[in-house]
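To keep things clear, I will list the structure first and then write my remarks on it.
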Amino acid sequence: MTLLDGKLLSENIKSEMAAEVVQILARGGKTPHLAAVLVGENAASQVYVSSKIRSCEQVGFKSSLIRRPAETSEAELLDIVRQLNEDPDVDGFIVQLPLPKHINEENIVLAIDPKKDVDGFHPVNFGRMAQGLSAFLPATPMGIVEILRRYNIPTAGKHCVVVGRSNIVGTPISILLSRKGYPGDCTVTLTHSRTADLPAEVRRADIIVAAIGIPNFIKADWVKPGAVVIDVGINRIDDPSKKSGSRIVGDVDFDAVAPLCSYITPVPGGVGLMTVTALLMNTLKACKGEVYTRI
Ligand code: GUN
């Protein structure tokens with residue numbers, strides 16, 4: 001069994017990006033610039049956004065954090081989005097979700113210029129991805145694809161079973177892995193809470209992508225020996241043996257499943273770290289004008 005080391009990969013990719021930024025600047029190009037909008041005091045969102053800003057510093061990007069209180073109106077947030085769309089110095093930006101209840105997230109995402117949508121959440125980017133056109137891919141599926149690519153894991157003709165059908169992970173990764181080319185050319189089964197006999201479906205998988213958000217959900221007797229296991233889960237569970245009283249586990253019962261696999265991502269240290277790195281990769285692409293080349 002080989003651990004798919006998201007920490008090592010993300011450090012390698014960040015070094016490559018940092019070197020590229022140096023080259024861009026030496027040629028007289030502009031510093032890539034990511035802006036993040038954070039509304040309210042959601043604790044997890046604050047951690048995620050700080051990590052995104054810190055990662056920008058590591059690779060030499062400029063970053064801007066726009067913080068607003070939870071009472072911010074939808075109209076005020078739409079105005080911030082409009083200003084970021086129009087700001088020529090900002091290559092890409094994200095509005096951290098979830099937003100306070102009184103703000104309609106769909107309205108906000110639809111207001112983002114797809115050319116600056118480095119989260120890949122806008123339906124234009126989703127549609128372009130689904131059609132195999134160049135697009136900003138959502139960060140988590142993009143991180144998964146990058147793990148498969150950098151570990152040279154064969155995908156053509158493999159049966160991939162995705163567990164969970166969210167708009168930002170399960171559904172897009174099922175599309176990406178079924179697309180022509182590498183990593184792709186998989187036969188994909190997208191499973192969810194209404195799937196009949198889920199263990200039987202998962203047992204057929206050469207590649208399992210677990211993105212259901214339930215701790216230790218995928219059991220050892222669901223896993224075909226030799227399978228590749230990608231665990232997207234980030235679940236906090238009680239653990240009295242820890243000083244903090246809790247720890248983070250994935251959607252896969254790691255201790256029981258790992259000995260059976262050919263490859264597996266640990267949690268933490270797997271997909272999660274690649275997600276922030278993928279956002280930076282999208283920002284660099286936005287800065288270089290690589291995604292929207294024809295319009
Ligand atoms: N909330 C949880 N994950 C994400 C993400 O990738 N992007 C944004 N904007 N919000 C999130």
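Counting starts at 1 for both ligands and their atoms, following the listed order. Residue numbers start at 1 and run along the sequence shown.
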**Q.** Separation of Asp119 CG from Ile168 CD1 (nearest 0.5 Å)
**A.** 8.0 Å

Q | Short side-chain to backbone donor-acceptor contact, Gln96 and Ala36, under 3.5 Å | A |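 Between the backbone of Ala36 and the side chain of Gln96 there is no qualifying donor-acceptor contact (under 3.5 Å).
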
Q: Return yes if a side-chain donor-acceptor contact under 3.5 Å exists between Asn12 and Glu16, otherwise no.
A: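 No, no side-chain donor-acceptor pair sits under 3.5 Å.
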
Between ligand 1 and the protein, tabulate every N or O atom pair separated by less than 3.5 Å, reporting distance only.
from     : atom 1 : to     : atom 2 : distance (Å)
ligand 1 : 1 (N)  : Gln96  : NE2    : 3.2
ligand 1 : 1 (N)  : Leu97  : O      : 2.8
ligand 1 : 7 (N)  : Asp119 : OD1    : 3.2
ligand 1 : 7 (N)  : Asp119 : OD2    : 3.1
ligand 1 : 9 (N)  : Val95  : O      : 2.8
ligand 1 : 9 (N)  : Asp119 : OD2    : 2.6
ligand 1 : 10 (N) : Gln96  : NE2    : 3.4
ligand 1 : 10 (N) : Leu97  : N      : 2.9

(Q) Same cluster or not: Val81 versus Val118, using hydrophobic residues (I, L, V, M, F, W, Y) connected whenever any side-chain heavy atoms lie under 4.5 Å apart? (A) no

Q.
Hydrophobic clustering (ILVMFWY, side-chain heavy atoms < 4.5 Å, transitive) - are Ile208 and Ile147 grouped together?
A. no

**Q.** Heavy-atom closest contact (Pro114 atom, Asn125 atom, distance)
**A.** O-ND2, 3.1 Å

